[in-house]
Amino acid sequence: MRPKTIAIANQKGGVGKTTTAINLGAALAMRGFRTLLIDLDPQGNASTGMGVARDIRRRSTYDLLLGEESAADIALSTDVDNLRIIPATMDLSSADSELMASSRRVIHLRNALRLRETPFDYILIDCPPSLNLLTINAFVAAHSILVPLQAEFFALEGLSQLLLTVREVRSTANSDLRLEGIVLTMFDKRNNLCQQVEDDARENLGDLVFDTKIPRNVRLSEAPSYAMPVLNYDPTSRGAIAYRSLATELLQRNRSEAPADV
Ligand code: ADP
Ligand code: MG
């Protein structure tokens, strides 16, 4: 099942999708896995956070979706060995309506990723904060979905809508789609509400919730302005330690069992 393709999704903005895509990607790459990060959000935060300046984003996710080139042709290398990225540009915001005009509208990304054998072990897709056609393309192209869940009030309500969409995609275009898991982000153990959300999540979703929690850590929010993953910016920070641990857990799960069902 190479490359293993994981969509990082939650229709809520600001929950840690991009931070997870960059740092999980870096952690996998640092273990020697050839990793591709696809920036599927027109805001391009993953691209900026990885140091891909706007003027060198000549080819982008837009071309991957609507052009003829393969992922390996478009991907740029980064300062992290084994980690490449397909950046996003603003024209991705019009891709949604352009895809709508296509009869194959939900399978563009999947087709692009299968165009040729890709030289990657993992592909991580950083989804936009919406369940739009871009996100659906990611769900159709992916083996699994990783959901960052910010430990705050109403977090679980948004999740049920996301799971409905997963079921819909499963019953139409991608019957093998699995949930990789749910990772609690911006966790503050002194905050009772965080603890309550964790308890609720573990009670309702069981093993789907990763043991690893990503703490609220200022180094994680500083790293993008230095155009690098926190694993490079401050490798001993709590944020870096947490994302390395998330990668370990993900690799263990992938070795020992099939990703869980919804
Ligand atoms: P999304 O992609 O879901 O919109 P981001 O990953 O961009 O979310 O995170 C939103 C903001 O929160 C960003 O400014 C990011 O740097 C910050 N952030 C994300 N995770 C953490 C964390 N664990 N601790 C502190 N700040 C974080
Ligand atoms: Mg984002």
Side-chain angles (χ1 to χ4, degrees), residues 1-10 15-38 46 80-83 120-127 138-139 142-152 155-156 159 162-163 166 176-189 194-195 197-217 219-220 223 229-262:
M1 212 167 59
R2 289 278 181 251
K4 166 109 189 213
T5 303
I6 305 175
I8 300 179
N10 185 329
V15 299
K17 288 181 291 297
T18 299
T19 305
T20 299
I22 288 177
N23 292 296
L24 179 63
L28 291 169
M30 286 174 188
R31 301 222 175 150
F33 293 101
R34 298 163 304 170
T35 305
L36 172 66
L37 181 57
I38 297 180
V80 179
D81 279 350
N82 293 320
L83 182 59
F120 302 107
D121 301 307
Y122 280 91
I123 298 179
L124 302 183
I125 307 173
D126 185 23
C127 291
F139 287 5
H143 297 112
S144 66
I145 302 175
L146 174 62
V147 184
L149 193 74
Q150 188 181 351
E152 60 172 12
L156 290 174
L159 193 62
L162 187 125
L163 296 183
V166 173
D176 294 331
L177 183 64
R178 291 282 185 270
L179 269 191
E180 191 68 44
I182 289 154
V183 57
L184 294 164
T185 58
M186 298 185 222
F187 197 85
D188 177 359
K189 60 176 185 286
C194 276
Q195 193 53 59
V197 172
E198 178 179 10
D199 293 345
D200 278 358
R202 293 198 190 280
E203 190 181 315
N204 288 301
L205 302 158
D207 287 346
L208 269 180
V209 184
F210 280 92
D211 292 337
T212 305
K213 291 174 277 189
I214 310 299
R216 188 171 280 285
N217 175 233
R219 304 307 247 174
L220 277 169
V230 80
L231 278 79
N232 293 70
Y233 172 63
D234 187 351
T236 61
S237 61
R238 289 193 309 132
I241 291 167
Y243 275 110
R244 281 196 298 267
S245 153
L246 182 64
T248 304
E249 212 184 327
L250 185 132
L251 291 168
Q252 272 166 359
R253 284 184 177 206
N254 275 274
R255 249 199 314 271
S256 60
E257 54 181 90
D261 236 315
V262 173

Visitor: Pairing donors with acceptors under 3.5 angstrom, does anything connect the side chains of T248 and R31?
Guide: yes
Visitor: Between K17 and D126, is there a side-chain N and carboxylate O pair less than 4.0 Å apart?
Guide: no
Visitor: Are any of the side-chain heavy atoms of R216 and F187 separated by less than 4.5 Å?
Guide: no
Visitor: Does the R238 side chain pair with the main chain of R219, one donor and one acceptor, at a distance under 3.5 Å?
Guide: no
Visitor: Any heavy-atom pair between the side chains of F120 and K4 that's under 4.5 Å?
Guide: no
Visitor: Rounded to the nearest 0.5 Å, what separation is found between the CG atom of L83 and the CG atom of L124?
Guide: 8.5 Å
Visitor: With a 4.5 Å cut-off on side-chain heavy atoms, are I123 and H143 touching?
Guide: no
Visitor: Any chance you could measure L28, atom CG, to L37, atom CG, to the nearest 0.5 Å?
Guide: 10.5 Å
Visitor: What residues, two or more places apart in sequence or in another chain, satisfy ring-ring contact (aromatic ring centres under 6.0 Å, His included) together with F33?
Guide: Y122
Visitor: Between P148 and A9, what is the shortest heavy-atom contact and its length?
Guide: CD-O, 3.6 Å
Visitor: Taking the side chain as everything from C-beta on, heavy atoms only, tell me whether E180 gets closer than 4.5 Å to I145.
Guide: no
Visitor: Say whether, by atom type as modelled, one donor and one acceptor occur between the side chain of T20 and the main chain of G16 under 3.5 angstrom.
Guide: yes
Visitor: I'd like to know whether CG of D200 has more than 12 heavy-atom contacts from other residues, nucleotides or ligands below 6.0 angstrom.
Guide: yes
Visitor: With rounding to the nearest 0.5 angstrom, report the CD1 to CD1 distance, I6 to I38.
Guide: 12.0 Å
Visitor: Establish, from distance only, whether the side-chain atoms of Q150 and N10 form a donor-acceptor pair under 3.5 Å.
Guide: no
Visitor: Answer yes or no: is there a side-chain heavy-atom contact under 4.5 Å between R244 and P235?
Guide: yes
Visitor: Any donor-acceptor pair under 3.5 Å linking the side chain of N23 with the backbone of V230?
Guide: yes
Visitor: I need the L163 CG to L159 CG distance, nearest 0.5 Å.
Guide: 4.5 Å
Visitor: Is there a side-chain contact between I8 and I125 in this structure, where contact means two heavy atoms from C-beta onward sitting under 4.5 Å apart?
Guide: no
Visitor: Roughly how far apart are I214 CD1 and L149 CG, rounded to 0.5 Å?
Guide: 12.5 Å
Visitor: With side chains defined as the heavy atoms from C-beta onward, is the minimum distance between V183 and V147 less than 4.5 Å?
Guide: no
Visitor: Using the ring-ring contact (aromatic ring centres under 6.0 Å, His included) criterion, which residues pair with Y243? Sequence neighbours excluded.
Guide: none
Visitor: Could you report the tightest heavy-atom contact between M30 and V80, atom names first, then the distance?
Guide: CE-CG1, 4.3 Å
Visitor: Keeping T185 on the side-chain end and V15 on the backbone end, is there a donor-acceptor pair under 3.5 Å?
Guide: yes
Visitor: So, taking the atom named SG in C127 and the one named CG in L146, what distance separates them when rounded to the nearest 0.5 Å?
Guide: 10.5 Å
Visitor: Under 3.5 Å, is there a donor-acceptor pair between the side chain of E249 and the main chain of T212?
Guide: yes
Visitor: Quick check: closest heavy atoms across I241 and T236, and the distance to 0.1 Å?
Guide: CD1-O, 3.5 Å
Visitor: Measure from the side-chain N and O atoms of D121 to the backbone N and O of R34, and report whether any donor-acceptor pair falls under 3.5 Å.
Guide: yes
Visitor: Taking C-beta and beyond as the side chain, do L156 and L205 meet within less than 4.5 Å on heavy atoms?
Guide: yes
